[in-house]
2 protein chains.
Amino acid sequence: MAPPSKHRRATVHDVAAAAGISRGTVSRVLNGGYVSAEARAAIEAAIAEVGYVPNTAARNLVMRRSQAVGFLALEPHSLLLEDPNIGAIMLGANEVLSVADHQMVNLVVDSARDTERVARYLSGGFVDGAIIVSARTHDPITRVIAELKLPATFVGHPPDLHRSIPFVGIDNVGSARAITERLAATGRRHIGMIAAALDRDSGADRLTGFRAALGARFDPRLVAEVPLYDYASGVKGMRELLEREPGIDGVFAASDAVAAGAMEVLRDAGRGVPSDVGIVGFDDSSWASRTQPALSTVHQPAREIGRNAAELVLRQLRDEGPANVLLPTPIVWRASA
Amino acid sequence: MAPPSKHRRATVHDVAAAAGISRGTVSRVLNGGYVSAEARAAIEAAIAEVGYVPNTAARNLVMRRSQAVGFLALEPHSLLLEDPNIGAIMLGANEVLSVADHQMVNLVVDSARDTERVARYLSGGFVDGAIIVSARTHDPITRVIAELKLPATFVGHPPDLHRSIPFVGIDNVGSARAITERLAATGRRHIGMIAAALDRDSGADRLTGFRAALGARFDPRLVAEVPLYDYASGVKGMRELLEREPGIDGVFAASDAVAAGAMEVLRDAGRGVPSDVGIVGFDDSSWASRTQPALSTVHQPAREIGRNAAELVLRQLRDEGPANVLLPTPIVWRASA
DNA sequence: TTGTATGCGTTATCAG
DNA sequence: CTGATAACGCATACAA
């Protein structure tokens, strides 16, 4: 009996041969099954001898499940790098998937080529389910997942097109409204907003909430639209606001990073925070405690969101009916307003 | 001919049946092969009809390659969330893997349970290779990879134990020495260092370079040791330094994030930067341009590192001999020193 | 308890 | 050009 050729990994077949026992029995000791002590001993020795390591991929083919779920963030990459939220969501999801003995595989989609390849990967049987953050309704990946009926969960706003896929998120409208009202209650007269990512539901919703809070006092001239939830956008937006209304004394930034950028501009302009202008953010990310003064903001329970998202795909894997979940977002009042 | 049962996905077999042609021919139209126009048309119609989507996992089993490579960062998670470098490395790696039509799968290892599961995943045939950032020599995952002879690349310092695995990195010693010398050249008398992550090669090497630059003027009292490359550590380290030597007028922070934390402390303490104390960092991350004044630092070509790491595993996949690569790290002199 | 045979969904080989 | 048939590495129902 010739040894396995140089670059071939040992298989069940090999250990069976080495132990002088059938493959079926080998499989039985690997998983749980009735097998005599002697047979078990012989096989375990053989396993060590030939250096056997099971091929999970082959096992999955017959088992028809991969014990893996994909995690993908459909964001511009700059944000993927900067946003601490998505990292926390990821970790939260991994936590629950891990105890359920599922492998979380993180897929980055950063180009059209990526999109196509990831779609293939998702439909190729490598994952049992998927968690998608920041889905856009017309995203090809979202479409593929829906068509495949792959168990999935959206985090963020529910894309209207795919009612069948549950989501976990927060009430962006309500939260934005609440913190804006809180800001207004400090007696500010000219409250503006740096509205980011209006092409995304979260961004649009936050603006909606802001507008609702101000009611008749809402002044469209006082909202600066910026593309991303990041620091640079905050700088840009605050400059714009200051130029349009030098008397501005309150601002709601669409994210903490945006707020941090805005505060930088205010400091350069010699405005005191919160003495001259009160500012509030959104996310309660690490940015919030890093600013000077510390930022008042909306707490976004990122880790919990991740956990719930994972839980939701596991439910579907167990054929339990999925249910959407909306997590609470307490206001964290610090010193910036 | 009964339709495939409710929750079974259509297979090659099904489309063959639907088209009234053999499976072999179906496979040929899927991949490239000689097949008549009529047969092709019939099969394509059948594919659409039954909603066939290829099972890549099954294909990989017979092909003996997964067209996927794992990417794992063995970092404390706080860092994974904060360090923009690793994100950039990831994106760089994905770039080259993507054009090579390989799927990059990001694995997070965040607990002992994760470690074991990821090791199984890696050895289970799900990936053809792996990129490991911040490997520690005694990490179980590193060991598994070495034993499996899985084509891999380390990014960072080469773990001495596994000479067979190539690495891509930068010259931490040289870079640290260079920027410290540059700082000293501005006439500073009492130069300290906030040394982070000394348990990692990069951290230890930066301290070595710092020491080398100062030579006889090196004063061990002026190095504050902190655990991580993050903002909070910078705060802690700078406080320590200020207490030990109020006359300190220069500091080399082990990373930009650390430098940012340190600058915060200096500002609170009423010290001018760079008038009273000059400060330099490491990484040239987004932190560097965000500080006030902008940070002088060592540019770390994160994206290039990622690209090279990917290239290195692809080389091994093609059976080309691997070669380590050390990337240049230009000094970027801004306003903080 | 153990061995045998069959199937998971593809690709590949080799006659027709 | 096309159709059987044999792998790929593993699990499992069934028979022994």
Side-chain angles (χ1 to χ4, degrees), chain A residues 4-5 7-44 46-47 50-67 120-128 148, chain B residues 4-5 7-44 46-47 50-68 120-121 123-128 148:
Chain A
S5 82
H7 274 313
R8 220 192 95 242
R9 227 163 257 176
T11 74
V12 167
H13 192 94
D14 297 322
V15 346
I21 311 196
S22 85
R23 321 191 264 252
T25 309
V26 174
S27 183
R28 260 161 244 142
V29 5
L30 256 30
N31 316 309
Y34 288 153
V35 46
S36 70
E38 8 189 350
R40 178 179 303 273
I43 288 172
E44 279 170 350
I47 282 180
V50 304
Y52 170 75
V53 33
N55 183 323
T56 325
R59 165 201 303 234
N60 291 162
L61 180 58
V62 42
M63 295 294 227
R64 280 135 162 222
R65 64 208 162 84
S66 62
Q67 292 287 93
R120 269 197 333 255
Y121 190 86
L122 254 24
S123 45
F126 287 103
V127 297
D128 293 336
L148 248 48
Chain B
S5 81
H7 274 314
R8 220 192 93 242
R9 224 162 257 178
T11 75
V12 166
H13 192 95
D14 298 321
V15 349
I21 310 195
S22 85
R23 320 191 263 256
T25 310
V26 174
S27 181
R28 259 161 245 141
V29 5
L30 257 29
N31 316 309
Y34 288 153
V35 45
S36 71
E38 5 186 354
R40 177 179 303 272
I43 289 174
E44 278 169 350
I47 283 181
V50 304
Y52 169 74
V53 32
N55 183 323
T56 324
R59 167 202 302 234
N60 291 161
L61 180 58
V62 45
M63 295 294 228
R64 279 127 165 239
R65 63 207 163 83
S66 63
Q67 293 287 93
R120 268 195 338 251
Y121 190 86
S123 45
F126 287 103
V127 297
D128 293 337
L148 247 48

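Quick caveat: nothing in here was measured; it's all calculated off a predicted structure. A, B, ... follow the sequence lines: proteins, then strands. Residue 1 opens every chain.
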Length of the line joining [X]:[atom1] and [N]:[atom2], which is rounded to integer Å:
X: B/Met63; N: C/dT10; atom1: CE; atom2: P; result: 12 Å
X: A/Tyr52; N: D/dG9; atom1: OH; atom2: C1'; result: 8 Å
X: A/Leu61; N: D/dC10; atom1: CG; atom2: P; result: 12 Å
X: A/His13; N: D/dA7; atom1: NE2; atom2: P; result: 11 Å
X: A/Gln67; N: D/dC10; atom1: CD; atom2: C1'; result: 15 Å
X: A/Asp14; N: D/dG9; atom1: CG; atom2: P; result: 9 Å
X: A/Asn55; N: D/dC10; atom1: CG; atom2: P; result: 5 Å
X: A/Arg65; N: D/dC10; atom1: CZ; atom2: C1'; result: 13 Å

Tell me what A/Val29 touches on the nucleic acid: a base, only sugar-phosphate, or nothing, going by heavy atoms under 4.0 Å.
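Nothing: the residue A/Val29, judged by heavy atoms under 4.0 Å, touches no strand.
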Identify whether any heavy atom of B/Asn60 sits under 4.0 Å from a base atom; if not, whether one sits that close to sugar-phosphate; answer base, sugar-phosphate or nothing.
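Touches nothing.
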Of all the choices, D/dA11, C/dG9, C/dT10, which nucleotide is nearest to the side chain of B/Pro54 once you look at every atom?
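Taking heavy atoms from C-beta onward, the closest nucleotide is C/dT10.
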Working to the nearest 0.5 Å, report the span between [atom1] of [X] and [atom2] of [Y].
X: B/Leu30; Y: B/Glu44; atom1: CG; atom2: CD; result: 9.5 Å
X: B/Arg120; Y: B/Phe126; atom1: CZ; atom2: CZ; result: 10.0 Å
X: A/Leu148; Y: B/Arg9; atom1: CG; atom2: CZ; result: 4.0 Å
X: B/Ser36; Y: B/Ile43; atom1: OG; atom2: CD1; result: 8.0 Å

Contacts of type side-chain hydrogen bond (donor to acceptor under 3.5 Å, both in side chains), residue B/Arg40, not counting sequence neighbours
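In terms of side-chain hydrogen bond (donor to acceptor under 3.5 Å, both in side chains), with neighbours along the sequence ignored, B/Arg40 is linked to no residue.
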Under 3.5 Å, is there a donor on one side chain and an acceptor on the other for B/Ser66 and B/Asp128?
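B/Asp128 and B/Ser66 do have a side-chain donor-acceptor pair below 3.5 Å.
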Any side-chain N or O of A/Arg9 less than 4.0 Å from the OP1 or OP2 oxygen of D/dG9?
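So the side chain of A/Arg9 is outside the cut-off, no N or O lying under 4.0 Å from OP1 or OP2 of D/dG9.
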When you compare the protein's N or O atoms with those of nucleotides 1-4 of chain D, which come within less than 3.5 Å of each other, and at what distance?
from, atom 1, to, atom 2, distance (Å)
D/dT2, OP1, B/Ser36, OG, 2.5
D/dT2, OP2, B/Ser36, N, 2.8
D/dG3, OP2, B/Ser22, N, 3.2
D/dG3, OP2, B/Ser22, OG, 3.2
D/dG3, OP2, B/Thr25, OG1, 2.8
D/dG3, N7, B/Arg28, NH2, 3.1
D/dG3, O6, B/Arg28, NH2, 2.7

Test item: A/Asp14 and A/Arg8 side chains (from C-beta on) under 4.5 Å apart, heavy atoms:
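They are in contact (side-chain heavy atoms under 4.5 Å apart), so the answer is yes.
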